[in-house]
Amino acid sequence: MSHRAGRHFLQIPGPTNVPDRVLRAIDYPTMDHRGPGFAELGHRCLEGMKKVFKTKNKVVIFPSSGTGAWEAALVNTLSPGDKVLMYETGHFASLWHEMAQKLGLKPEFIGGNWRTGADPDRIAERLKNDGKHEIKAVCVVHNETSTGVTSRISEIRKAMDATRHPALFMVDTISSLASIDYRHDEWGVDVTVGGSQKGLMLPPGLGFNAVSNKAMEAAEFANTPRSYWDWNAMFGANEKGFFPYTPATNLLYGLDESLKMLIDEEGLDKVFARHDRHAEATRRAVRAWELEVLCTNPAEYSSSLTAVLVPEGHSADELRKIILDGFDMSLGTGLTKVAGRVFRIGHLGDFNDLMLAGTLCGVEMGLMRSKIPHRTGGVDAALGYLALGDAAEKSTARTRAVSA
Ligand SMILES: Cc1ncc(COP(=O)(O)O)c(C=O)c1O
């Protein structure tokens, strides 16, 4: 492959850009994971992750991708044959559903249109009809990475509470954690699933569970076979800052650094506000291009990515190829049901205004080279919002009036 000057733009919705500081931290020599120096690092990472999940309960860190953390959530709390209520928000919810089937659970899938999030009323309705409490868990993907739709977890919790159904509540935050506000304890979630490669600004390779007391109790009775994913082994070793098997030592160096950046230096609230602002600027660009944001419910717009529909008869993958070949930027592809119909702009992780400006320029230039019908001006709309916020529209109107 020939050399391409400058930095590649990695604007898929994860893995995200890893800050140089984090890469340097990962570069420290690997240490003895059973030696005295390691325990401090282990404790710091576990405590820091509690702050990210907003929990006072236990957090587990696996050397795994997010899929492993999904499996851990299910096998620790459920038994073969247990009914589980899942919601089809998109590709990732569908994969979690498939996994539940493979593990011998009996998942029921509430069908969705891939343009809206999990509907609290439909979940409540199903729970109300489960008088015998056969459903043992409700599983929802917080931010559906395939569609750019964020489900309203606190509203789902309230709807579940209103039914007084005792099912566990499990939530996948793989593409929302440390990008979009999330509160494990306050929202009464029993198992939250996370991964390292998105909002946490790390390479892939760490999977997380945050675990409520109720989930810990369920784990005592759950008899799905488990070994690698067994929380108990983790809890025991974690007490002293260690892990029951070899942890991903260098990724933990990186996590220690990214937690400093997210919690101590920028602060999570500012991190969330930054993501909200970049998402809004991106949607303004999409509207100005006269393309469609896949998510149809403004209350569920994702702040970590925007999925954009291309008009019927056009290929989103051809556009992505034009952009990759011409401008060295990777955008997310459309997955399964929306393959070829959408491209996804990741605006999460280590990301700032000028990176977003470059990203949107890449998309607009790609559109110009493609045959996709659109208007120019998306970049202008986004820049106006980034520079002036909501005053941007008035200011643009004023500028137009002055130059007319
Ligand atoms: C919402 C969501 N869930 C689950 C996964 C699967 O995680 P992994 O690919 O790290 O196994 C992903 C991956 O992108 C995701 O975005």
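Each ligand, and each atom within it, is numbered from 1 in the order the structure gives. Just so it is clear, the model here is predicted, and its values are computed rather than measured.
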Filter the ligand 1-protein atom pairs down to N or O on both sides and distance under 3.5 Å, then list them.
unit_1   : atom_1 : unit_2 : atom_2 : d
ligand 1 : 3 (N)  : D172   : OD2    : 2.6
ligand 1 : 10 (O) : G66    : N      : 2.8
ligand 1 : 10 (O) : Q197   : NE2    : 2.8
ligand 1 : 11 (O) : S65    : OG     : 2.5
ligand 1 : 11 (O) : G66    : N      : 3.3
ligand 1 : 11 (O) : T67    : N      : 2.8
ligand 1 : 11 (O) : T67    : OG1    : 2.5
ligand 1 : 14 (O) : K198   : NZ     : 2.7
ligand 1 : 16 (O) : T145   : OG1    : 2.5
ligand 1 : 16 (O) : K198   : NZ     : 3.4

Report the relative orientation of the aromatic rings in H278 and F351; use parallel for angles under 30°, tilted for 30 to 60°, perpendicular for over 60°. perpendicular

Is the H184 ring parallel, tilted or perpendicular to the F53 ring (thresholds 30°, 60°)? perpendicular

Using modelled atom types only, decide if a donor and an acceptor are shared between the side chain of R341 and the backbone of V310 within a distance under 3.5 Å. yes

Anything under 30° is parallel, anything over 60° is perpendicular, the rest tilted; go ahead and classify F109 against H97. parallel

Side-chain contact, heavy-atom cut-off 4.5 Å: W187 with K158? no

Parallel, tilted or perpendicular: which one describes the rings of F38 and F242, with boundaries at 30° and 60°? parallel

